[in-house]
Amino acid sequence: MHAYRTHKCNDLRASDAGQTVKIAGWVHRKRDHGGLLFLDLRDHYGLTQVVINNDNPLFEAVEKLKLENVISVTGKVVERTDETKNSKLPTGEIEVKLEAYELLSAPVTDMLPLQVNSDEPYGEDVRLKYRFLDLRREVLHRNIVLRCDVISSLRRRMLEQGFREFQTPILTASSPEGARDYLVPSRVHPGQFYALPQAPQQFKQLLMMSGFDRYFQIAPCFRDEDARADRSPGEFYQLDIEMSFVTQDDVFAAIEPVMYDVFEEFSGFTGTKWDVSKPPFVRIPYDESMLKYGNDKPDLRNPLVIADVTEVFARPDVEFKAFKTMIEKGGVVRAIRAPAVFDKPRSFFDKLNSWAQGEGAPGLGYIIFESEGGNNGTAAGGGKGPIAKFVPAEAQAELRRLCGIETGDALFFICDLPAKAAPFAGLARTKIGEEMDVIEKNIFKFCWIVDFPMFEINDRTGKLDFSHNPFSMPQGGLEALEKQDPLTIKAYQYDIVCNGVELSSGAIRNHLPEVMEKAFAIAGHPKEILQEKFGGMYNAFKFGAPPHGGCAPGVDRIVMLLANEPNIREVIAFPMNQQAQDLLMGAPSKVDAQQLKDVHIKLDLPKTQVKAAS
RNA sequence: GCGGGUGUAGCUCAGCUGGUUAGAGCGCCUGCCUGUCACGCAGGAGGCCGAGGGUUCAAGUCCCUUCACUCGCGCCA
């Protein structure tokens with residue numbers, strides 16, 4: 001017989017009755033009846049009930065076994081009587097009658113800091129410090145298995161499409177753009193540092209210039225920025241993709257089936273089968289997304305949309321002063337149509353109004369289009385609500401036309417400077433959708449956001465800057481850069497969004513040195529910077545670079561969506577906490593003086609932290 | 001860096017306008033129990049109420065400071 005097991009804890013059925021078997025695993029739960037003891041043995045695969053009674057000389061010893069001890073049990077498989085079968089368990093038809101057992105782990109003596117056999121919610125610090133216990137628990141264990149399966153599915157689908165997986169360096173050069181780098185001091189070159197890659201961006205482009213045509217990698221990315229619920233601190237994984245001789249449409253056509261198929265494959269993970277929007281995914285220009293959804297990652301499960309109605313409130317016959325004053329200052333008015341809410345109680349509108357005030361807005365004005373009214377201005381507008389009396393019938397008719405109002409609908413208004421009105425309207429859209437309970441359930445809705453602006457004004461400096469990434473190809477090429485107002489130039493830059501989560505950004509790259517020089521010049525960077533900071537790639541552009549592009553969907557976020565988890569740490573085996581500490585391994589940590597000396601580092605700590613580091 | 005929330009037994013939490021000896025469930029220990037499957041029953045141990053300071057006759061509760069965790073903002077080409 002095998003040293004540890006002949007079967008796994010999910011294997012045995014009634015048909016195995018009579019066999020002598022050995023199973024191994026953790027003591028999941030004990031039910032001690034005095035003369036009779038049940039013990040659930042758990043491994044990765046499942047649970048099997050072990051039984052022993054007090055005519056067995058081992059009874060006392062087994063009775064003393066603590067939860068989470070690792071044991072192997074040898075015994076005979078016995079079919080249970082009909083009344084004692086457990087239909088909730090795949091192995092519930094049988095039990096193993098213990099004849100011998102062996103303690104395989106060191107005996108557990110301390111109190112368990114968290115109970116493996118319970119789904120009680122625990123504080124995250126405890127869960128992270130004892131991650132190995134948390135990972136034994138059903139929910140997290142399943143999430144990590146899902147992650148493994150999603151990753152191998154992604155790999156298989158990419159390989160099937162003719163992509164090859166490459167490795168790129170982990171120790172590389174710091175890049176001036178983007179997030180803060182993690183730095184690694186060089187021993188050999190005093191005072192110089194490697195950086196961990198924020199993404200293999202330049203390497204994957206260089207692989208295209210090296211003629212490999214189709215690249216992918218499940219790539220670790222490192223960024224020293226603060227965490228969010230959907231943003232793991234320190235490191236995360238991307239399905240990094242790059243292709244040569246492609247247009248934007250070719251990239252979309254390559255990625256869409258991968259995303260669709262993977263989501264379709266795992267969309268039943270939560271126990272309910274979710275629908276997945278079919279390719280081709282909806283394409284929404286950035287400007288349209290900002291207007292209609294108030295952000296660049298719209299949740300299309302929410303059917304509400306935002307419209308611009310500034311022209312209506314600018315009309316001379318509309319006398320709503322609060323909006324008029326703002327419009328004169330360059331403000332805009334945005335409206336959200338809420339279908340068929342005329343019979344909602346007053347509290348529905350009041351609640352939204354006080355929500356808006358809580359968000360720092362003066363309020364959330366609205367008009368309820370209660371009756372038909374006159375579309376030609378001859379009768380009253382039919383509108384009701386605090387703003388309605390300032391908007392005469394003709395203007396109300398105009399609002400009806402602009403927003404597609406049907407009688408019984410309401411319009412909510414947001415008025416502010418454009419940069420504030422759009423995001424606030426986006427928040428209001430979400431809030432109203434939630435309050436109306438119109439957000440679709442059990443569906444993954446994908447879209448592409450396209451035509452991102454190439455440049456934007458940097459708030460801090462007031463100067464032009466790349467709005468996304470300096471490697472994107474401007475639409476219109478060199479000619480656009482030379483002739484167009486930079487702020488009107490779009491890039492071949494796109495995001496994949498699913499249910500309001502930004503899964504990926506990508507671009508057709510700028511592979512022409514001349515165009516890149518011009519783009520950098522507009523962003524205020526001389527040619528020398530390009531040479532100095534991106535020398536390797538800049539040189540490659542001069543020696544035959546194919547047109548290329550790609551994208552990089554976030555693996556953690558894909559798994560998070562599929563697992564329907566609100567927090568990204570629920571799909572990472574060993575995540576760091578929000579302060580970027582690994583509570584299990586104790587990272588970051590102090591190092592020996594000699595180690596610092598080896599890499600030529602002298603500490604210069606902020607005063608408040610001197611004590612902690614000494 | 002900033003703002004919100006939380007911090008009470010090993011764990012999850014309750015503890016009202018300040019008022020005797022700070023509670024519950026799970027876990028742990030002891031005893032009873034031969035068909036449970038979240039087994040049951042009886043008993044028990046376990047608390048510097050995150051830390052420091054203050055107000056008060058009296059502080060888990062009020063005030064100040066600080067720390068930890070968490071959510072968000074900044075940040076994330």
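None of the values given here were measured: they were computed from a predicted structure. Note on naming: letters A, B, ... go to the chains in the order of the sequence lines (proteins, then strands), and numbering restarts at 1 for each one.
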Handout entry: Separation between the P atoms of B:A51 and B:G4, rounded to whole Å
Key = 23 Å
Exercise for the section: Could you tell me if the ring centre of A:Tyr130 sits under 6.0 Å from that of A:Tyr122? Expected result: no
Exercise for the section: Looking only at side-chain atoms of A:Arg228, point me to the closest of B:C29, B:G72, B:C39. Expected result: B:G72
Practice task
Specify the residues of residues 67-96 of chain A, ordered by number, for which at least one heavy atom lies under 4.0 angstrom from an atom of RNA chain B.
Solution key: A:Arg80, A:Thr84, A:Lys85, A:Asn86, A:Lys88, A:Glu95
Practice task
Could you give the distance separating B:U20 and B:G31 at their C1' atoms, to the nearest angstrom?
Solution key: 34 Å
Problem - Separation of B:G27 C1' from A:Leu133 CG (nearest whole Å) - result: 13 Å
Practice task
Can you tell me, in whole Å, how much space there is between the C1' of B:U56 and that of B:C62?
Solution key: 10 Å
Fill in the blank from the handout: Pairing partner of B:C32, by Watson-Crick or G-U wobble and under 3.5 Å for both distances, is B:G40
Exercise for the section: Establish, with yes or no, whether the OP1 or OP2 oxygen of B:C71 is under 4.0 angstrom from a side-chain nitrogen or oxygen of A:Asn567. Expected result: yes
Exercise for the section: Quickly work out the A:Asp32 CG to B:C28 P distance and round it to whole Å. Expected result: 11 Å
Problem - Whole angstrom value for the distance that separates P of B:C33 from CD of A:Glu63 - result: 11 Å
Fill in the blank from the handout: Taking B:G35, B:U70, B:G10 as options, the one with an atom nearest any side-chain atom of A:Phe38 is B:G35
Exercise for the section: Would you confirm whether A:Asn539, through its side chain, and A:Phe541, through its main-chain N or O, come within 3.5 Å as a donor-acceptor pair? Expected result: no
Fill in the blank from the handout: Between A:Asp40 and the options A:Arg31, A:Lys30, A:Lys88, the salt bridge (charged side-chain N to carboxylate O under 4.0 Å, His left out) test singles out A:Arg31
Exercise for the section: Between B:G10, B:C75, B:U70, spot the one nearest the side chain of A:Met111, thanks. Expected result: B:G10
Practice task
Check for a donor-acceptor pair, side chain of A:Tyr194 on one end and backbone N or O of A:Ile170 on the other, with a separation under 3.5 Å.
Solution key: no
Handout entry: Whole-Å C1' distance, B:G23 and B:C64
Key = 30 Å
Handout entry: Side chain of A:Tyr122 (C-beta onward), nearest among B:C11, B:C69, B:C37
Key = B:C11
Exercise for the section: Between A:Lys30 and A:Gln578, name the one whose nearest nucleotide on RNA chain B is closer to the 5' end. Expected result: A:Lys30
Exercise for the section: For the side chain of A:Leu36, starting at C-beta, report the closest nucleotide among B:C71, B:G10, B:G35. Expected result: B:G35
Exercise for the section: Mark yes or no for a side-chain to base donor-acceptor pair under 3.5 Å between A:Arg231 and B:C76, with no hydrogen or angle criteria applied. Expected result: yes
Practice task
Kindly say whether the aromatic ring centers of A:Tyr286 and A:Phe452 come within a distance under 6.0 Å.
Solution key: yes
Fill in the blank from the handout: Testing B:C26, B:U70, B:C33 for proximity to the side chain of A:Gln115, the answer is B:C26
Completion exercise
Any strand, both distances under 3.5 Å, Watson-Crick or G-U wobble: B:A24 pairs with B:U12
Problem - A:Phe203 and A:Tyr215 aromatic centres sub-6.0 Å - result: no
Practice task
Find the partner of B:U61: check Watson-Crick (N1-N3 plus N6-O4 or O6-N4) and G-U wobble (N1-O2, O6-N3) distances, both under 3.5 Å, and reply none if neither fits.
Solution key: none
Handout entry: Options B:U34, B:C71, B:C11, nucleotide nearest the side-chain atoms of A:Asn53
Key = B:U34
Exercise for the section: In whole angstrom, give me the gap between the C1' atoms of B:A9 and B:G27. Expected result: 11 Å
Exercise for the section: May I ask you to say what A:Arg127 touches in the nucleic acid, namely base, sugar-phosphate or nothing, with a heavy-atom cut-off under 4.0 Å? Expected result: nothing
Completion exercise
Any strand, both distances under 3.5 Å, Watson-Crick or G-U wobble: B:C2 pairs with B:G72
Problem - Among B:C71, B:G35, B:C37, the nucleotide that comes nearest once only the side chain of A:His33 is considered - result: B:G35
Problem - Integer-rounded Å distance: B:U34 P and A:Gln49 CD - result: 16 Å
Problem - is_close_aromatic(A:Phe455, A:Phe466), centroid dist under 6.0 Å - result: yes
Exercise for the section: Calculate the interatomic distance between A:Arg31 atom CZ and B:U34 atom C1'; express it in whole Å. Expected result: 14 Å
Problem - base_contact_polar (B:G74 base, A:Asp226 side chain, donor-acceptor, <3.5 Å) - result: yes
Exercise for the section: Indicate, with a heavy-atom threshold strictly under 4.0 Å, whether A:Asp55 touches base, sugar-phosphate, or nothing. Expected result: nothing
Fill in the blank from the handout: The residue among A:Leu12, A:Thr91, A:Asp16 that forms side-chain contact (heavy atoms from CB on, under 4.5 Å) with A:Val96 is A:Leu12
Exercise for the section: For nucleotides B:A22 and B:C13, find the distance between their C1' atoms and express it as a whole number of Å. Expected result: 14 Å
Practice task
Taking only the side-chain nitrogens and oxygens of A:Gln581, find out if one of them lies under 4.0 Å from OP1 or OP2 of B:A68.
Solution key: no
Fill in the blank from the handout: Judged by nearest nucleotide, the residue sitting upstream toward the 5' end of RNA chain B, A:Pro113 or A:Val51, is A:Pro113
Practice task
Looking at every strand, decide which applies to A:Asn54 at a 4.0 Å heavy-atom threshold: base, sugar-phosphate, or nothing.
Solution key: base
Fill in the blank from the handout: Rounded to whole Å, the NZ-P distance (A:Lys97 to B:U34) equals 15 Å
Handout entry: Nearest-angstrom distance from the residue atom NZ of A:Lys66 to P of B:C26
Key = 18 Å
Problem - Between B:A14 and B:G50 - P atom distance, rounded Å - result: 13 Å
Practice task
Determine whether the aromatic ring centres of A:Trp355 and A:Phe424 lie less than 6.0 Å apart.
Solution key: yes
Exercise for the section: Using whole Å, report how far CD1 of A:Ile568 lies from P of B:U70. Expected result: 14 Å
Exercise for the section: Counting heavy atoms from C-beta on, name the nucleotide in B:C76, B:U70, B:U12 closest to the side chain of A:Glu124. Expected result: B:U70
Problem - Rounded distance in Å between the C1' positions of B:C33 and B:C41 - result: 8 Å
Exercise for the section: Establish, yes or no, whether a centroid distance under 6.0 Å links the rings of A:Phe534 and A:Phe520. Expected result: yes
